Amino acid sequence: MTGTQRDWELVELELDDPGPGEVMVRWVASGLCHSDDHVRTGDLPARLPMVGGHEGAGIVEKVGPGATKLAVGDHIVTSFLPTCGHCRWCATGKSALCDVGAVLTEGCLPDGSFRFHRNGEDIGQMCLLGSLSQYSTVSEYSCVKVDDDVPLDKAALVGCGVPTGWCSAVYAADVEPGETVMVYGIGGVGANAVQGAAAAGAANVIAVDPLANKRETAEDLGATHSAESAEEAHNIAQELTRGVGADKAIITVDLVTEQVVGAAFEAVRKGGVVVITGLADPNKLTVQLSSGVMTLYQKQLKGTLFGSGNPMADIPKLIGLYQAGKLKLDELITKTYTLDEVNQGFEDMLGGKNIRGVVIHEH
Ligand SMILES: NC(=O)c1ccc[n+]([C@@H]2O[C@H](COP(=O)([O-])OP(=O)(O)OC[C@H]3O[C@@H](n4cnc5c(N)ncnc54)[C@H](O)[C@@H]3O)[C@@H](O)[C@H]2O)c1
Ligand SMILES: [Zn+2]
Ligand SMILES: [Zn+2]
């Protein structure tokens, strides 16, 4: 991506060897998440040019000096959030907020320098990764080793969409057995909020999406009800709870608006929680709510990164749930693409055709 509102381009870049605490990865697969498109539209302001892709899995090709966690040939899933392990946030179990994340929109590695170059110009890496490239040099802070028999094309999704959605339900919303949960927006993130809510024991999971294919998939993944609009979902929640309202609402739409936040806030009960996982331009105001209602009904509104999970703990946990047959990954992949079909892949995402599209790299 060389500038906003442009297509993704396939170009040859120079790639540096891994430095201290870094590895070179040969990417196997990269999921197409909406956040890359937010960089393209400018809704997520970032330094450009940047190599896209932040939902990847691959194999370690080279190991830099002092990299101790990984060896050549290791299979890895990369977290879209780096975690250093010893900043204040990492040390207190809030590693989605790791201070190294400060370089995310710059696209450099944790030491502030760049590994991709073109004609003397530094090129960034989306979320320190750039998995829409055949190779990248990445920080060990971004890598989670997985067993060699984990299929990397499926595991790639556990780099962003799966943990973000699942953890949004399990941690950020703290869904409890018997609760009624609304999930607004069934893409790669929302589909996993549905799986997370079901896994946490929700009695009712109401999936909201204007698209019929999304609602069908949500029901296959554990949603008990689905609705075409927030209004229809509100009525279902009222009926299911005898007028009390939903316990939790999770917003995973592609672009968060005042309307969807307002609808979720209205749908939750006294003491209910609304979680905002979807993104919107940070320079725009997208929440307008009555603080009086918030106070008098003790409703809560919170934002979340990575569903407030911890990548180094939750990525292996989710892979384990997949291996145990308790988390669906294969069913999330609607279509695969080659790297030169990447613009088609994003177009299909924007057209609502995919739960997830995945680029499979050819080497
Ligand atoms: N907080 C985080 O850590 C984090 C991590 C990853 C992605 N994200 C963000 O999460 C959002 C979702 O990403 P995705 O890849 O799943 O997107 P996606 O495009 O695959 O899916 C979005 C879905 O929302 C639906 N939708 C749009 N408006 C709606 C509305 N008003 N009501 C109900 N449904 C609606 C669309 O039909 C679509 O199915 C994006 O904003 C992405 O940037 C956040
Ligand atoms: Zn993502
Ligand atoms: Zn940290």
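Ligands are counted one by one from 1 in listed order, and the atoms in each one are counted from 1 as well. Computed from a prediction, not measured in an experiment: that's the story for all the values here.
At the top of the distance list for atom 33 (C) of ligand 1, counting protein heavy atoms only, stands V208 O, 3.4 Å. Atom 39 (O) of ligand 1 has its closest protein heavy atom at D209 OD2, 2.7 Å. Closest protein heavy atom to atom 12 (C) of ligand 1: T252 O, 3.4 Å. Nearest protein neighbour of atom 24 (O) of ligand 1, counting heavy atoms only, is G185 CA, 3.4 Å. In terms of protein heavy-atom proximity, atom 27 (C) of ligand 1 is nearest to D254 OD1, 3.4 Å. Here the protein heavy atom with the shortest distance to atom 44 (C) of ligand 1 is T277 O, 3.1 Å. Given atom 4 (C) of ligand 1, the protein heavy atom at minimum distance is T164 CG2, 3.5 Å. Closest to atom 29 (C) of ligand 1 among all protein heavy atoms lies V253 CG1, 3.4 Å.
Contact between D149 and Q323 at its shortest, heavy atoms only, is OD1-NE2, 4.1 Å.
Using a 4.0 Å cut-off between heavy atoms, C160 contacts ligand 1 through its side chain alone, with no backbone atom that close. The backbone of T304, and not its side chain, has at least one atom closer than 4.0 Å to an atom of ligand 1 (non-hydrogen atoms only; backbone = N, CA, C, O). Residue-level proximity to ligand 1 for K214 is carried by the side chain, the only part with a heavy atom below 4.0 angstrom. Residue V256 does not touch ligand 1, judged by heavy-atom distances below 4.0 Å. Contact annotation for T257 and ligand 1: no heavy atom of the residue comes within less than 4.0 Å of the ligand.
T92 contributes atom OG1, which lies 8.5 Å from atom CG of L97 (distance to the nearest 0.5 angstrom). Atoms CD and OG1, from Q344 and T338 in turn, are 10.5 Å apart once rounded to the nearest 0.5 Å. One finds the CG atom of L211 at 10.5 Å from the OG1 atom of T217 (value rounded to the nearest 0.5 Å). Atom CE of residue M182 and atom NE2 of residue H234 lie 8.0 Å apart, to the nearest 0.5 angstrom. In this structure, N354 CG and K214 NZ are separated by 7.0 Å, a value rounded to the nearest 0.5 Å. Atoms CZ and OG, from R115 and S139 in turn, are 9.5 Å apart once rounded to the nearest 0.5 Å.
The shortest side-chain heavy-atom distance between C108 and D122 does not fall under the 4.5 Å cut-off.
Of all the N, O or S atoms in H54, the one closest to the Zn ion (ligand 2) is NE2.
Between the side chains of E258 and T286, no donor N or O sits under 3.5 Å from an acceptor N or O. Residues D16 and T137 bring no donor and acceptor atom of their side chains to less than 3.5 Å of each other. Between the side chains of T277 and T304, no donor-acceptor pair of N or O atoms lies under 3.5 Å. Between the side chains of D36 and H54, a donor-acceptor pair is found at a separation under 3.5 Å.
A single hydrophobic cluster is seen to contain both V261 and M294, as judged by linkage of ILVMFWY side chains at heavy-atom distances under 4.5 Å, directly or through other members. V138 and V146 fall into different hydrophobic clusters, where Ile, Leu, Val, Met, Phe, Trp and Tyr side chains are chained together by heavy-atom contacts under 4.5 Å.
Heavy-atom contacts of G278 reach the following atoms of ligand 1: 9 (C), 10 (O), 11 (C), 41 (O) (cutoff under 4.0 Å). Heavy-atom contacts of L305 reach the following atoms of ligand 1: 1 (N), 3 (O) (cutoff under 4.0 Å). For ligand 1, the atoms sitting less than 4.0 Å from at least one non-hydrogen atom of P210 are 33 (C), 34 (N), 35 (C), numbered in the order shown with element in parentheses. Here is the list of ligand 1 atoms found below 4.0 Å of a heavy atom in F80: 3 (O), 5 (C). Short contacts between ligand 1 and I186, defined as distances under 4.0 Å to a heavy atom of the residue, involve ligand atoms 23 (C), 39 (O).
At the Zn ion (ligand 3), the vertex angle linking SG of C84 with SG of C98 is 110° (nearest 10 degrees).
Between G188 and ligand 1, at least one pair of N/O atoms sits closer than 3.5 Å. Checking only distances, L279 does come within under 3.5 Å of ligand 1, N or O to N or O. Backbone and side-chain nitrogen or oxygen atoms of S35 are examined, and one is located within less than 3.5 angstrom of a nitrogen or oxygen of ligand 1. Considering backbone and side-chain atoms alike, F306 places an N or O below 3.5 Å from some N or O of ligand 1.
Residue contact check for ligand 1: G161 places no non-hydrogen atom closer than 4.0 Å to it. Distances shorter than 4.0 angstrom occur between a heavy atom of R356 and an atom of ligand 1.
Look at C33 and the Zn ion (ligand 2): an N/O/S atom of the residue is under 2.8 Å from the metal. The Zn ion (ligand 3) has an N, O or S atom of C87 under 2.8 Å away, backbone or side chain.
Within the set L255, V189, L32, V39, the minimum heavy-atom distance to atom 16 (O) of ligand 1 is found for V189.
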Can F265 and I251 be said to form a side chain to side chain contact (heavy atoms under 4.5 Å, CB included), step by step?
CA-CA 10 Å; F265 188 71; I251 301 176; over 6 Å; no

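Between Y135 and W27, the distance from one ring center to the other does not fall under 6.0 angstrom. Aromatic ring centroids of F306 and F80 lie under 6.0 Å apart.
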